[in-house]
Amino acid sequence: MDNRFRAFCGQVKSLFGHQEFIALHEPRFWGNEQKYLSETIESTFVSSVGAFVDKFESEFATFTQTNRAVAVVNGTAALQVSLRLAGVGENDEVITQSLTFVATANAITYNHAHPVFVDVDLQTMGMSPTALGDFLEEFAELREDGCYNKSSGRRIAACMPMHTFGFMCQMDQITAICSKWHIPVVEDSAEALGSSYKGKPAGSFGTFGSFSFNGNKIITSGGGGAIVSNDVELGNKAKYLTTTAKVPHRWEYYHDELGYNFRMPNLNAALICAQLEKFTFLKESKKELYEDYRQCIADYGLRLKAIPEDTDWNYWLMSVELEGEDERDAFLKCTNDLGVMTRPIWQLMHRLPMYADCRKDSQVNAEYLEKRIVNIPSSARKVQ
Ligand SMILES: *Cc1c(COP(=O)(O)O)cnc(C)c1O
């Protein structure tokens with residue numbers, strides 16, 4: 001086993017030009033990053049107001065084919081505010097998946113609501129429309145003021161599918177099911193910037209889409225995020241809430257509800273503007289890497305996770321599917337020992353102490369993937 005994995009590490013190093021350590025996902029600054037940052041510093045507008053914030057919001061709406069984009073401080077804040085504006089409040093339930101990064105569930109809890117976990121699909125690794133439909137058929141009931149969970153008595157206020165590693169959930173089915181039950185959809189598109197499903201971009205399906213520009217994502221602002229919506233009024237409301245809910249006035253400080261300081265600083269906006277310009281170039285480079293993996297990976301007895309049907313993938317984070325826990329652990333140890341960074345998929349949310357008591361379905365697929373999926377180095381390669 002070890003010999004196969006050792007040989008794989010040699011192959012990865014050769015694909016990445018024989019660096020000593022190969023990271024899982026590194027940012028690349030190939031464009032106007034330095035230039036825009038210098039301009040920002042010279043302008044003195046480094047903080048929460050500035051030309052790059054406006055430029056980014058306008059360009060990002062175009063990029064995601066939505067009507068309004070709002071730059072925020074990180075992806076978690078984007079999710080939190082999206083849920084609140086979708087109508088999630090105290091003691092409500094939000095349906096999501098247990099196989100996700102912790103921020104998805106935390107954003108629900110920050111709104112004093114309860115996550116409910118439905119299973120994922122084995123191919124997309126995102127929310128399974130079948131699991132969602134089955135759960136609602138069994139437990140949901142439509143009342144005058146919305147959809148309720150008959151067994152808990154709580155309102156089901158939103159559904160939040162997450163597009164794992166940039167693979168898209170089957171959004172046509174998910175939105176159809178949610179619309180039948182009058183449940184708003186908030187997409188956790190943090191990992192899926194630039195992916196699309198049946199030609200429609202990630203983030204543009206739901207009432208809101210949320211993105212992250214953390215350092216490990218496909219493009220980065222250092223730290224940052226965005227909320228997008230096709231409903232301009234809701235989008236403007238998101239801007240208002242994330243900028244302290246201040247009623248516009250030239251000098252008065254008057255805030256008419258509980259807002260947040262979730263603004264993206266102009267310095268970070270400068271970086272993300274430059275990164276967005278290079279998106280296609282980055283994606284192409286990552287696509288070439290994926291093709292190189294595809295050519296050779298079977299030689300090492302490894303199975304590359306295949307791009308699901310109907311997804312135009314952003315190639316964010318590539319993964320292999322191991323036979324089971326023993327093989328997975330051996331692979332993780334060998335690769336990390338040899339300087340090839342690999343990471344297992346997340347532990348399921350319902351195993352974490354704060355989410356152990358949440359309602360959930362069988363989770364057979366999530367548990368299957370949890371034991372087997374490992375991410376492999378996926379950075380865009382440096383131009384030689
Ligand atoms: C990265 C990520 C987030 C949160 O983004 P931050 O910018 O780190 O707050 C949320 N959900 C998922 C699925 C993510 O991968």
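In listed order, ligands and their atoms are each counted from 1.
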One pair per line, please: each N/O atom of ligand 1 matched with every protein N/O atom under 3.5 Å away, atom names first, then the distance to 0.1 Å.
| residue | atom | partner | partner atom | Å |
| --- | --- | --- | --- | --- |
| ligand 1 | 5 (O) | Ser212 | OG | 3.2 |
| ligand 1 | 7 (O) | Gly75 | N | 2.7 |
| ligand 1 | 7 (O) | Ser212 | OG | 2.7 |
| ligand 1 | 9 (O) | Gly75 | N | 3.3 |
| ligand 1 | 9 (O) | Thr76 | N | 2.9 |
| ligand 1 | 9 (O) | Thr76 | OG1 | 2.5 |
| ligand 1 | 11 (N) | Asp188 | OD1 | 3.3 |
| ligand 1 | 11 (N) | Asp188 | OD2 | 2.9 |
| ligand 1 | 15 (O) | Glu191 | OE2 | 2.5 |
| ligand 1 | 15 (O) | Lys217 | NZ | 3.2 |

Scanning both residues in full, the closest heavy-atom pair of His25 with Trp316 reads CD2-O, 3.4 Å
For Asn236 and Arg68, the nearest pair of non-hydrogen atoms, with its separation, is OD1-NE, 2.7 Å
Looking at Lys237 and Glu233, is there a salt bridge between them, counting it only when a charged N and a carboxylate O are closer than 4.0 Å?
no
Assess whether a salt bridge exists between Glu323 and Arg4, defined as any Lys/Arg side-chain N lying under 4.0 Å from an Asp/Glu carboxylate O.
no
Step through it carefully: locate the ring centre of Phe211, locate the ring centre of Phe63, and say whether they are under 6.0 Å apart.
no
Aromatic centroids of Tyr36 and Phe56 separated by under 6.0 Å:
no
